[in-house]
Amino acid sequence: MFPIDLLDSAPEDANSGTNPASNSPLLAGLNDEQLAAVTLPAGHALILAGAGSGKTRVLTTRIAWLLQTGQATPGSILAVTFTNKAAKEMLLRLSSMLPYNVRGMWIGTFHGLCNRMLRAHYQAAKLPQAFQILDTQDQLSAIKRLCKQFNVDDERFPPKQLMYFIAGCKEEGMRPADVVATDPDTRKKVELYQLYEEQCQREGVVDFGELMLRSFELLRDDVHLRQHYQRRFQHILVDEFQDTNKLQYQWLKQLAGEADGGRYVSQSSVIAVGDDDQSIYAFRGARVGNMADFIREFGVKNQIKLEQNYRSYSNILDCANALISHNSNRLGKNLRTTQGPGEPVRIYESPSDLAEAAWMVDEIKQLVKNDGFKRQEIAVLYRSNAQSRVIESALFNASIPYRVYGGLRFFERAEIKHALAYLRLLENPHDETSFLRVVNFPARGIGARTIEVLQDTARGSGCSLNDAVTAVGGSAGTKLQGFVAKLDVLREQTQGKTLREIIETVQEQSGLIEHYRNEKEGADRIENLQELVTAAESFVTQEGFGRDAVALPVDAQEILPGANLSQSPASQGLDPNAPLLDEALKAPAGTAASMVNEDTGETMSPLAAFLSHASLEAGDNQAQAGQDAVQLMTVHASKGLEFDAVFIGGVEEGLFPHENAMMDRGGIEEERRLAYVAITRARKRLYLSHSQTRMLHGQTRYNTKSRFFDELPEEALKWITPKQSGFGSFTPNSGAGGSYGSRAGGQFGSNWGSKQTDVFASPPVPKQKAEPSHGMKAGIAVFHNKFGEGKVLAVEGQGDDARAQVSFGRHGTKWLALSIAKLTIVD
DNA sequence: TCCTTGGCCCTTTTT
DNA sequence: GGGCCAAGGA
């Protein structure tokens with residue numbers, strides 16, 4: 001057995017000793033590359049940080065070092081990341097290095113910082129003060145509404161596709177007028193894009209792309225504001241630079257002062273940190289090319305590569321390096337480690353996805369039992385979410401705790417969105433997405449027909465739905481007016497209340513709680529609604545509003561002196577030379593935010609801030625953190641994480657690389673980067689597997705092993721075959737379909753035989769227990785005298801203890817002891 | 001108005 | 001296979 005604890009003390013130790021200049025405790029333990037990056041002189045620089053090379057550490061230490069050596073003030077730093085997770089991590093580390101509150105610093109996600117900027121300058125950005133942020137769900141429903149209104153053929157222009165189109169345009173920085181439309185379809189889409197924009201503006205809402213674009217335009221078009229921020233941010237640090245899209249890069253250029261063609265060039269230093277080999281978000285507009293552009297356009301002299309990897313054994317790194325070397329146009333980088341080769345990377349072929357999952361379960365059991373791995377240090381990664389189901393059920397049947405990342409997150413839950421919609425309407429009654437979401441929820445007799453009349457009326461008189469209700473007659477009008485009156489009453493009742501009180505009042509008065517109380521499965525939802533109160537309370541405390549802060553000011557205009565300001569930047573307190581930040585950092589927390597304050601971003605009441613937070617940060621779905629459970633997630637979701645043991649399933653042509661990515665070279669290269677990311681997650685053990693058959697979308701597919709296997713170094717691999725044989729040999733071309741597997745060359749690659757031990761003579765079937773006598777297994781149909789026909793979801797236990805989980809439709813899902821319940825198997 | 005049914009779609013995912 | 005949505009019946 002491999003001594004797995006060999007590594008446990010390694011990372012920090014391996015870091016030290018190479019650094020002669022570590023006279024500051026801050027710099028202690030950095031290796032030469034890291035030290036050079038942390039102590040870079042002023043000027044633009046690119047840091048190519050390989051996986052596991054201590055990137056976040058370098059970034060945060062750099063910031064702390066700048067501050068400690070007096071080269072920067074907290075307010076002169078802008079640090080931007082992509083995910084809330086990364087931003088939080090950075091803030092957390094910084095706050096442990098720095099003696100003061102780092103919350104007021106401009107550290108956050110692109111969208112979070114844009115939101116902050118737009119809140120502080122909402123008038124210059126031509127937005128209402130209480131503008132609301134649409135998340136993807138909201139955006140889609142807004143687009144659907146628009147399409148309905150203009151009778152758009154949703155066969156020809158599916159709303160989802162329109163949404164991608166609009167988001168894509170915004171990612172490129174294009175307004176409708178900027179889009180070159182050569183064909184009628186595109187012209188129509190541009191027209192709808194224009195209408196969508198008008199709708200959003202009318203309703204006072206912005207989508208994610210708009211946050212970015214609006215903020216960019218604000219900087220571009222308002223010379224005073226731009227110069228102010230350019231002078232202010234002397235140090236700009238960008239994390240995951242390879243994932244920036246065109247617009248984000250332009251935004252950075254505005255802040256860095258490079259965009260004015262030399263007329264105004266700031267003294268700022270931009271440090272971009274990234275890894276071109278880990279760019280995996282091209283499908284949402286990320287442009288690796290930004291790295292090369294950055295080097296050229298900013299005249300970057302300083303490039304530092306962090307290639308020392310503190311995470312993985314060399315067999316794993318060798319695989320990663322060899323694989324990624326097949327990509328073209330790389331900036332060039334090779335991970336190295338001082339750790340030994342470690343275990344070989346294991347590769348497994350299975351006859352079916354079920355067998356693959358069963359093999360994983362067996363291996364996981366051994367890792368835990370024999371090799372002392374913790375379950376939470378074992379991850380199963382897959383290319384697409386659909387793959388998780390089979391693995392989940394295998395783990396479930398083996399009673400191995402697991403946790404699936406991804407899926408529905410807290411703020412995306414229907415009941416939470418309903419509650420938030422009421423809250424948003426308190427702030428902004430013209431937010432039609434929210435209005436329509438709850439106008440008849442809980443049901444109050446306002447049907448589709450009534451809504452239609454209301455929408456027509458509103459359109460006819462050019463006002464919002466909220467304002468149009470008085471113009472609707474009859475009983476329909478009465479009901480609508482009742483709804484609006486209810487909102488008015490709520491707005492009244494919540495004046496001067498704390499956020500907690502507001503949410504509780506709204507949930508109670510809106511009838512949401514009542515509604516879910518009467519619903520069969522409403523208990524969970526009520527629990528979630530209560531959780532919303534808790535979330536709000538901890539938000540308020542964390543943001544420094546103070547628990548008792550008044551969340552809805554009695555009169556916003558009065559409390560917010562910024563509210564009626566001004567066109568001139570001077571009147572917004574934007575004296576470029578004013579020391580903005582130290583004040584902000586010292587500002588006493590605990591009062592309701594009351595100034596237009598760029599450092600906290602709040603022109604906002606706690607309620608407004610919380611609503612922004614809910615849109616920008618959907619909240620995680622990590623149900624029972626802390627439980628020692630195997631981690632299941634997509635490769636995308638695994639970025640930035642690491643595990644002792646990693647399984648990558650479904651490494652097959654068509655799945656990984658994904659068939660939709662095979663059209664062009666760029667697609668394959670992105671898939672390869674994705675595989676690179678997946679491989680570099682592993683510290684000690686790495687398993688790759690592929691399956692000859694796989695059920696996907698209700699069809700059996702026959703996949704060949706991925707081309708990526710051919711790009712791995714043979715000496716780092718171990719091709720494992722099952723110890724036990726059995727079952728008839730697998731015939732690839734049996735069965736229907738075949739459209740997937742019939743690639744030239746047949747099922748097995750040309751160099752297959754040399755690597756695989758006799759695959760046909762003893763088919764690679766993993767160890768399987770003999771079929772239990774009751775014959776129950778997940779997926780089969782059964783009949784029960786009382787509950788009728790049902791489907792077995794899972795089986796566990798043996799002999800007399802054996803029990804099955806069966807879904808009976810209207811009777812729900814039940815666990816039945818097989819020795820007692822009379823279940824017959826239906827063909 | 002609510003519930004059932006059938007058709008359709010299906011890569012990855014953050015903000 | 002399964003989730004979502006629109007349509008149709010009670």
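Throughout, protein chains are lettered first and strands after them, A, B, ... in sequence-line order, and every chain is numbered starting at 1. Computed from a prediction, not measured in an experiment: that's the story for all the values here.
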Please work out the stems of DNA chain B from pairs that are Watson-Crick or G-U wobble with both distances under 3.5 Å, keeping only runs of three or more consecutive pairs.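 Output for stems: B:1-10 with C:1-10.
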Thinking salt bridges, do [X] and [Y] make one under a 4.0 Å N-O criterion?
X: Glu203(A); Y: Arg145(A); answer: yes
X: Arg424(A); Y: Asp431(A); answer: yes
X: Arg284(A); Y: Glu171(A); answer: no
X: Lys417(A); Y: Asp138(A); answer: yes
X: Lys170(A); Y: Glu210(A); answer: yes
X: Lys55(A); Y: Asp275(A); answer: no

Check: Phe283(A) ring centroid to His658(A) ring centroid under 6.0 Å: no
Which glycosidic conformation, syn or anti, is assigned to dT11(B) if syn requires a torsion within 90° of zero?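 For dT11(B), whose glycosidic angle is within 90° of 0, the conformation is syn.
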Taking only residues two or more places apart in sequence or in another chain, which ones pass side chain to side chain donor-acceptor pair (under 3.5 Å) with Asn327(A)? Arg672(A)
Quick one: side chain to side chain donor-acceptor pair (under 3.5 Å) partners of Ser279(A), sequence neighbours excluded?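 Not a single residue meets the side chain to side chain donor-acceptor pair (under 3.5 Å) criterion with Ser279(A).
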Quick one: sort the Phe539(A) and His613(A) rings into parallel, tilted or perpendicular, breaks at 30° and 60°. tilted
Name the orientation class of the two ring planes belonging to Phe483(A) and Phe435(A) (parallel below 30°, tilted from 30 to 60°, perpendicular beyond 60°).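 Rings of Phe483(A) and Phe435(A): perpendicular, over 60°.
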If you measure only the distance, is there a donor-acceptor pair under 3.5 Å linking the side chains of Thr704(A) and Glu653(A)?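 Judged by distance alone, the side chains do not pair up.
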Between Glu652(A) and Asn703(A), do the side chains contain an N or O donor and an N or O acceptor separated by less than 3.5 Å?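 Per modelled atom types, Glu652(A) and Asn703(A) side chains form a pair under 3.5 Å.
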Any protein N or O atoms within reach of nucleotides 1-3 of chain B? Criterion: under 3.5 Å, listing atom names and distances.
from, atom 1, to, atom 2, distance (Å)
dT1(B), OP1, Gly445(A), N, 3.4
dT1(B), OP1, Gly445(A), O, 3.4
dT1(B), OP1, Ile446(A), N, 3.4

Using atom NZ of Lys639(A) as one end and atom C1' of dT15(B) as the other, report the distance to the nearest whole Å. 14 Å
From CZ of Arg701(A) over to C1' of dG1(C), roughly how many Å is that when rounded to an integer? 14 Å
Atom pairs under 3.5 Å, N or O on each side, protein against nucleotides 5-7 of chain C: can you list them with distances?
none

How far, in whole Å, is dT13(B) from dC4(C) if one measures between their P atoms? 16 Å
I'd like to compare against my own output: the B/S/- annotation of nucleotides 5-14 of chain B with a strict under-4.0 Å heavy-atom distance to protein. -----BBBBB
